[in-house]
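Each remark here refers to the structure printed beneath this line.
When reading the values below, keep in mind they use all heavy atoms of this one structure, side chains included, and skip hydrogens, waters and symmetry mates. Chain A is the first sequence line, chain B the second, and so forth, proteins listed ahead of strands; every chain is numbered from 1. The structure presented is a predicted model; accordingly, all values stated were derived computationally and were not measured.
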Number of protein chains: 2
Amino acid sequence: MALSTAQRVADTLRDRIEGGGLPPGTQLSEEALGRELGVSRNTLREAFRLLVHESLVVHRLNRGVFVRVLEPADVTDIYRVRAALETAGVRAADGAGPAARAAVTEAVTRAERAAADGDWQEVGSADLRFHRALAGLGGSARIDSAMDRLLAELRLAFHTMPSPRRFHEPFLTRNRALATLLENGEYGRAEAELTTYLDDARQLILDTMREAAS
Amino acid sequence: MALSTAQRVADTLRDRIEGGGLPPGTQLSEEALGRELGVSRNTLREAFRLLVHESLVVHRLNRGVFVRVLEPADVTDIYRVRAALETAGVRAADGAGPAARAAVTEAVTRAERAAADGDWQEVGSADLRFHRALAGLGGSARIDSAMDRLLAELRLAFHTMPSPRRFHEPFLTRNRALATLLENGEYGRAEAELTTYLDDARQLILDTMREAAS
DNA sequence: GCTAAGATATTGTTCAACAATCCTCAAGAG
DNA sequence: CTCTTGAGGATTGTTGAACAATATCTTAGC
C-alpha cells in the first residue's frame, strides 16, 4: 500500500469533483459517502481534510463539507495571486534552467496541436500547463504547488463555462507571443503583456459567470 | 464551543512549537500527546492535519508526524516566494487602500519603538508584520494567508538564531527607507530595494544556519 | 561483523456509541 | 400575516477500544 486509504478516497472524490459528478455546492455526507466507498467515517474525514487543503471543498463547523462554490470575488483573488506568481516567473526567466524554459514552449506547441485537432479539452489542459510552466520559471517548489492548487480551484469555475473553445481560442496566439518574447529575452515586454493577458482572461471569466448567473 | 477540539489542540501545539518547547525534529507521539492533552487519538490526528497544512510538522506514512526541520534549501525557497508576493504588493501599492498602506508605516514605527526599548523579541514580531503588510498591499486574501504560513515556517529557522538583535537591527533603517519610498510613490525604487533587501536577509539566515551546524 | 528472522512498538483503520450542534417545521404570540 | 420560540430529527464532533499494517529494534545464526 503505497498510498494511504484516505489519499485514495481523496483521489476518487477529486476526480468526481473535477469531472462534474459532484457539482459545486453539493454536500458530501459522511455517512452516505462512507457507505458507498466502503471506508469508515474517520478515514473519510481524513480525506476531506486533504481536499480542504486543496480548496476543492469547504468545511463548515458542525455543518459538514461542501464542494466549493467559486464566487466572482474568488476569481478576482485567484488572478491576483496568479499575476504575482507568473510575473515573478517571467522576471526570473533569465536565470531559469533550460528544462524550465523548454516546458513553456512545449506547452504552447501542444496547445496549438490540440487546437488543430479540434480537441478543446486538451487545449484547456495545455493552457494550464503553460501557465504552470511560467510560474515554474521561478524555481520554487512552494510556488509550483501553490500554482497547482490555484489552477485546480479555477477549474471549478470552468465547469460553468459553456464553450471551452470560446474561452481558450483567443489566447492561443497570445500564448505563442509570450513564449517568443521569453525566448528572445524581452522580459520587460513579456511581463507587461502577461499582466494585460491575465486581466483579460479574468474579465472573460467574470463576464461568463455573470451571464450564467442571470 | 466556538472552536473545535481539534483546533484548540492544534493551537496549543503550534504555541509549543513556536515557543521552542517542541524543537524541530521532535516526533509527536499520538499516544503520549493524546494522554497528556486529554483527547483521543482520532482528534489528535485531526489536529496534526491542520499543522501539516501549515507546514509546521511533516507527516511520514507509518512513521508519524515530526516537527519540521528547515533545511537551507527551504529558506532559499521561502525567500523566492516572499520576493514574489512582497514585490507584487509593492507594485500594487498605488491602487491599495489607505488602511493597507497605513499598516506598512505602522509596523515600521512599532519596530523602531521596540528597538528603542531594547525589546528585540518585539522588534522581530513587528518586522514580520511589516513584511506581511507589504504583501497585504496586493489586496488578496489568498496572498495574505500564504504569507502568514510562510512567516510561521520561517520562525522555525529563527529558533536556531543566537541573537535576535544581530539579525533584526541592520534592517530597521532599511524598513523605514522602504516605507518612505512607498509613501513618496517611488514604487520602482522600492521594488529594487526590496529585492536586494530580501537577498541580504536570506543570506544572513543561511550564513547563521551554516555557522550553527558546524 | 554481518545478515536474517522474530519481537516490539507505533501508526493506520474500523467500528459503535454518545455528545454537541444545526436545521426544519409547527405552534403560539403579537 | 409575520415573527419568535421550542421540540424534534438529522448530521457532525469526539471518544475509546480493537485489530491490521508497518517500521524499528533485538537476537540468533553464520
Inset, instruction - Please identify each residue that fulfils side chain to side chain contact (heavy atoms under 4.5 Å, CB included) with B:Leu150, with sequence neighbours left out. - result: A:Arg142, B:Ile78, B:Val81, B:Arg82, B:Leu85, B:Glu153

Inset, instruction - Inspect the contact between A:Asp119 and A:Arg113 and indicate whether a charged nitrogen and a carboxylate oxygen are less than 4.0 angstrom apart. - result: no

Inset, instruction - Report yes or no: does B:Asn175 contribute a side-chain atom to a donor-acceptor pair with the main-chain N or O of B:Leu172 at less than 3.5 Å? - result: no

Legend entry - A:Glu106/A:Arg110 salt bridge by N-O under 4.0 Å criterion: yes

Inset, instruction - Enumerate the residue pairs fulfilling ring-ring contact (aromatic ring centres under 6.0 Å, His included) with a member in residues 43-92 of chain B, sequence neighbours excluded, ordered by first and then second residue. - result: A:His53-B:His53

Legend entry - Proximity to DNA chain C (any heavy atom under 4.0 Å), residues of residues 23-36 of chain A only: none

Using the 3.5 Å cut-off, write out each protein N or O paired with an N or O of nucleotides 22-24 of chain C and the distance between them.
residue, atom, partner, partner atom, Å
C:dC23, OP1, A:Arg63, NE, 3.2
C:dC23, OP1, A:Arg63, NH1, 2.9

Legend entry - salt bridge (charged side-chain N to carboxylate O under 4.0 Å, His left out) partners for A:Asp148, two or more places apart: A:Arg132

Inset, instruction - Answer yes when A:Asp11 and A:Arg8 have at least one side-chain N-carboxylate O distance shorter than 4.0 Å, and no when they do not. - result: no

Inset, instruction - Using the criterion of both pairing distances under 3.5 Å for Watson-Crick and G-U wobble pairs, give all stems of 3 or more consecutive pairs involving DNA chain C. - result: C:1-30 with D:1-30

Legend entry - Salt-bridge contact B:Arg45-B:Glu30 (side-chain N to carboxylate O under 4.0 Å): yes

Inset, instruction - Check each residue of residues 9-16 of chain B for a non-hydrogen atom within less than 4.0 Å of any atom in DNA chain C, then write out the ones that pass by number, or none. - result: none

Legend entry - With sequence neighbours excluded, residues passing salt bridge (charged side-chain N to carboxylate O under 4.0 Å, His left out) with A:Arg165: A:Glu169

Inset, instruction - Check whether any side-chain nitrogen or oxygen of A:His59 sits under 4.0 Å from OP1 or OP2 of D:dG13, and answer yes or no. - result: yes

Inset, instruction - Using atom types as modelled and distance alone, determine if a side-chain donor or acceptor of B:Thr26 lies under 3.5 Å from a backbone N or O of B:Leu22. - result: no

Legend entry - All side chain to side chain contact (heavy atoms under 4.5 Å, CB included) counterparts of B:Leu50, not counting sequence neighbours: A:Arg49, B:Gln7, B:Ala10

Legend entry - Donor-acceptor contact present, side-chain B:Thr195 to main-chain B:Glu191, <3.5 Å: yes

Inset, instruction - Measure up the A:Phe158 and A:Phe167 rings against each other and bin them: parallel (under 30°), tilted (30 to 60°), perpendicular (over 60°). - result: tilted

Inset, instruction - Compare side-chain N and O positions of B:Thr5 against OP1 and OP2 of D:dT14 and report whether any pair is under 4.0 Å apart. - result: yes

Legend entry - Pair listing, ring-ring contact (aromatic ring centres under 6.0 Å, His included) test, anchored in residues 124-155 of chain B, at least two apart: B:His131-B:Tyr197

Legend entry - Partners passing side-chain hydrogen bond (donor to acceptor under 3.5 Å, both in side chains) against A:Ser55 (at least two apart in sequence or in another chain): none

Legend entry - Contacting residues from residues 41-57 of chain B, given that a heavy atom lies under 4.0 angstrom of DNA chain D: B:Arg41, B:Asn42, B:Thr43

